[in-house]
2 protein chains.
Amino acid sequence: MNSAPKHDVFQAIADPTRRKLLRLLADQEMPVTAISSHFPMSRTAVSKHLRVLAEAGLVKDKKIGRETRYHLQPEPLRELKDWLAYYERFWDNKLNLLKLLVEADDLDNIKPTGPKSL
Amino acid sequence: MNSAPKHDVFQAIADPTRRKLLRLLADQEMPVTAISSHFPMSRTAVSKHLRVLAEAGLVKDKKIGRETRYHLQPEPLRELKDWLAYYERFWDNKLNLLKLLVEADDLDNIKPTGPKSL
DNA sequence: ATAATATGAAACCATATGGTTTCAAGTTTG
DNA sequence: CAAACTTGAAACCATATGGTTTCATATTAT
């Protein structure tokens, strides 16, 4: 029941190895040994990275016989996207404005406070 | 001329204090002492965080008399945005498809490889 | 049953990180 | 000029992080 995540998404993606792991697991579901063959470090090191990703909710494991298969779980990336959204007004342009319009659930949510407000 | 950044964007935003700094400096340009008054740590600690942000290109400083004013420099966040873009196909939906259409420089760049390809 | 495979846990290590306090140096201000 | 202010650099410290090797356990294959 304690869903307090020890590692958050920001921390999880800070490491380049973990970003590569996410890419690798995006399309395929893979067991640890197969995964670790793509990295220049020990299997246990990869395993620890996988745990960090799992703690951040970015990856889920499924036990199949003696192997543990990992796969991407993209939902937590939404937090990143939301965080980024705040700053998108700073590289404001027409496409961006259109996106804001498209994405806004509520038209009142659109803040035309950018540098070149129209 | 050596523009090899010691800290990258992913690392820079991994720390919550630094994320708060970016928010603070998004709208205002502020000198170090004023900035540090918003944080429960020493001025020097804040100063070091500012340096990490500066090394990642997320913040720029400007010397005005005896004080150094910092302000946001959002461009490097684009790298984050681009990184995230890869994963957006995973929470594919109609709005997302529209965004892909809007954003694509080249129509051939649209990969309808999502779960529910239309 | 025994051997081989797949994995995680543990102990350990070097370096990075986030914080502190102290100090030196460049601006104002009186 | 002297005092006060603003800042960064340096030395230091505790803990986190990313890696290693070794060991125990569960599953599959012979």
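Proteins come first, then strands; the chains are lettered A, B, ... in the order of their sequence lines, and each starts at number 1. As a basis for the values below, the full set of heavy atoms in this structure was taken, side chains included, without hydrogen atoms, waters or symmetry mates.
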Handout entry: Rounded interatomic separation in angstrom, taking CZ from F39(B) and P from dG18(C)
Key = 14 Å
Practice task
Determine whether any donor atom in the side chain of T44(A) lies under 3.5 Å from an acceptor atom in the base of dT21(D), or the reverse, and answer yes or no.
Solution key: yes
Practice task
Take the protein atom CZ of R51(A) and the nucleotide atom C1' of dG8(C), then report the distance between them rounded to whole Å.
Solution key: 9 Å
Handout entry: Closest non-hydrogen atom pair, L58(B) against P76(B)
Key = CD2-CB, 3.9 Å
Practice task
Could you tell me the separation between the NZ atom of K63(A) and the P atom of dA26(D), rounded to a whole number of Å?
Solution key: 10 Å
Handout entry: L53(B): which of L72(B), I13(B), V59(B) passes side-chain contact (heavy atoms from CB on, under 4.5 Å)
Key = V59(B)
Handout entry: Check: Y87(B) side chain, R23(A) main-chain N or O, donor-acceptor pair, under 3.5 Å
Key = yes
Exercise for the section: In whole angstrom, give the distance that lies between atom NZ of K62(B) and atom P of dT6(D). Expected result: 18 Å
Exercise for the section: Would you classify R69(B) as touching base, sugar-phosphate or nothing, given that sugar-phosphate means primed atoms plus P, OP1 and OP2, and contacts are heavy atoms under 4.0 Å? Expected result: nothing
Handout entry: Base of dG19(C) paired with side chain of K48(B) (donor-acceptor, under 3.5 Å)
Key = yes
Problem - Side-chain N or O of H7(A) closer than 4.0 Å to phosphate OP1/OP2 of dA16(D) - result: no
Exercise for the section: Go through dT6(D), dT20(D), dT7(C) for me and flag the one nearest to the S42(A) side chain. Expected result: dT20(D)
Exercise for the section: Please state whether the phosphate of dT6(D), meaning OP1 or OP2, lies under 4.0 angstrom from any side-chain nitrogen or oxygen of Y70(B). Expected result: no
Handout entry: Distance-only donor-acceptor test (3.5 Å): side chain R43(A), base dG8(C)
Key = yes
Completion exercise
The nucleotide from dT6(D), dG8(D), dG19(C) with an atom nearest the side chain of M41(B) is dG19(C)
Practice task
Take atom CD of E67(B) and atom P of dT29(C), then tell me their distance rounded to the nearest Å.
Solution key: 10 Å
Handout entry: N or O in side chain of R18(A) less than 4.0 angstrom from dG18(D) OP1/OP2
Key = yes
Practice task
When you get a sec, tell me which of dT29(C), dG19(C), dG8(D) is the closest nucleotide to the side chain of T68(B)?
Solution key: dG8(D)
Exercise for the section: Please check the phosphate of dG8(C) (OP1 and OP2 only) for any side-chain N or O of S47(A) closer than 4.0 Å. Expected result: yes
Practice task
Let me know the distance between CZ of R66(B) and P of dT29(C), rounded to the nearest Å.
Solution key: 6 Å
Practice task
From the options dG19(D), dT20(C), dT17(D), select the nucleotide whose nearest atom is closest to the side chain of A45(B).
Solution key: dT20(C)
Practice task
Spell out, as yes or no, whether a donor-acceptor pair under 3.5 Å connects the side chain of R43(B) to the backbone of S36(B).
Solution key: no
Problem - Contact under 4.0 Å: Q11(B) side-chain N or O vs dA16(C) OP1/OP2 - result: no
Handout entry: Short side-chain N/O contact to dT17(C) OP1/OP2 from H49(B), under 4.0 Å
Key = no
Exercise for the section: Verify, without hydrogens or angle tests, whether R69(B) (side chain) and E29(B) (backbone) share a donor-acceptor contact under 3.5 angstrom. Expected result: no
Handout entry: Whole angstrom value for the distance that separates P of dA16(D) from CG of D8(A)
Key = 15 Å
Fill in the blank from the handout: For A14(B) and Q11(A), the nearest pair of non-hydrogen atoms, with its separation, is CB-CA, 4.2 Å
Handout entry: Distance, rounded to the nearest Å, where E55(A) contributes CD and dT17(D) contributes P
Key = 10 Å
Exercise for the section: Let me know, please, whether V46(A) or M30(B) comes out on the 5' side of the other along DNA chain D by nearest nucleotide. Expected result: M30(B)
